[in-house]
Trainee: 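First, the structure itself, so that you have it in front of you.
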Amino acid sequence: LDVVINAQGHYSVNERNLVNNSPETLKAAIREAAGDDRSLPLVITADANTPHQAVITAMDAAGQLGFARLSLATRESDGK
């Protein structure tokens, strides 16, 4: 399960862009992608310039939904 956050703090879940950046929208998208399986590994990949709060929001959403297998990754800035 992949959550990607771009440099502006916009989320996508499994390559599907979300309509807004609200925590509720993010949780709904993760719930939809995972179904009932909370044992799936969830990877949060953030651009090097992603606002810190966007990463914390994604981690919090995953935790609230019961995901225990959480990984973080970074990637070079889109504007490099």
Trainee: Do any N or O atoms from the side chain of Arg38 and from the backbone of Ala68 form a donor-acceptor pair under 3.5 angstrom?
Mentor: no

Trainee: Is a side-chain N or O of Thr57 found less than 3.5 angstrom from the main chain of Gln53, in a donor-acceptor match?
Mentor: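 Here the side-chain-to-backbone pair exists.
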
Trainee: Could you walk me through whether His10 and Asn21 pass the side chain to side chain donor-acceptor pair (under 3.5 Å) check?
Mentor: CA-CA 6 Å; His10 298 286; Asn21 293 332; 3.1 Å; yes

Trainee: If only atom types and distance count, is the side chain of Thr50 paired as donor or acceptor with the main-chain N or O of Asn6 below 3.5 Å?
Mentor: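 The answer is yes, because a donor-acceptor pair under 3.5 Å joins these two groups.
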
Trainee: At what distance, to the nearest 0.5 angstrom, does CD of Gln8 lie from CG of Asn49?
Mentor: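 If I round to the nearest 0.5 Å, the distance is 9.0 Å.
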
Trainee: Is Ile5 linked to Leu26 within one hydrophobic cluster, defined over Ile, Leu, Val, Met, Phe, Trp and Tyr using a side-chain heavy-atom separation of less than 4.5 Å?
Mentor: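 Yes, Ile5 and Leu26 fall within the same hydrophobic cluster.
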
Trainee: For residues 13-23, which residue pairs qualify under salt bridge (charged side-chain N to carboxylate O under 4.0 Å, His left out), counting only residues two or more places apart or in two chains?
Mentor: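 The answer is Arg16-Glu32.
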
Trainee: Over all heavy atoms of both residues, which pair between Phe67 and Ala34 is shortest? Give the atoms and the distance, please.
Mentor: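 That closest heavy-atom pairing would be CZ-CB, 3.5 Å.
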
Trainee: What distance separates Leu1 CG from Ser39 OG, expressed to the nearest 0.5 Å?
Mentor: 11.0 Å

Trainee: For Ala54 and Tyr11, work out which heavy atoms get closest and say how close.
Mentor: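 Answer, listing the atom of Ala54 first, then Tyr11: O-OH, 2.8 Å.
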
Trainee: Taking C-beta and beyond as the side chain, do Val3 and Thr45 meet within less than 4.5 Å on heavy atoms?
Mentor: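 When only atoms from C-beta onward are counted, Thr45 and Val3 do not touch, as no gap falls below 4.5 Å.
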
Trainee: Can you hop from Leu40 to Val4 via hydrophobic side chains spaced under 4.5 Å?
Mentor: no

Trainee: Test side chain to side chain contact (heavy atoms under 4.5 Å, CB included) on Leu42 and Arg69 and set out the steps.
Mentor: CA-CA 6 Å; Leu42 190 145; Arg69 297 178 63 196; over 6 Å; no

Trainee: Under 4.5 Å between side-chain heavy atoms, counting indirect links through other Ile/Leu/Val/Met/Phe/Trp/Tyr residues: same cluster for Val43 and Leu18 or not?
Mentor: no

Trainee: Can you tell me how far apart CG (Asn20) and OG1 (Thr25) are? Round to the nearest 0.5 Å.
Mentor: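 Between atom CG of Asn20 and atom OG1 of Thr25 there are 3.5 Å.
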
Trainee: Quick check: does any side chain N or O of Asn14 sit under 3.5 Å from a backbone N or O of Asp2, one acting as donor and the other as acceptor?
Mentor: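 Checking the backbone N and O of Asp2 against the side chain of Asn14, a donor-acceptor pair under 3.5 Å is found.
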
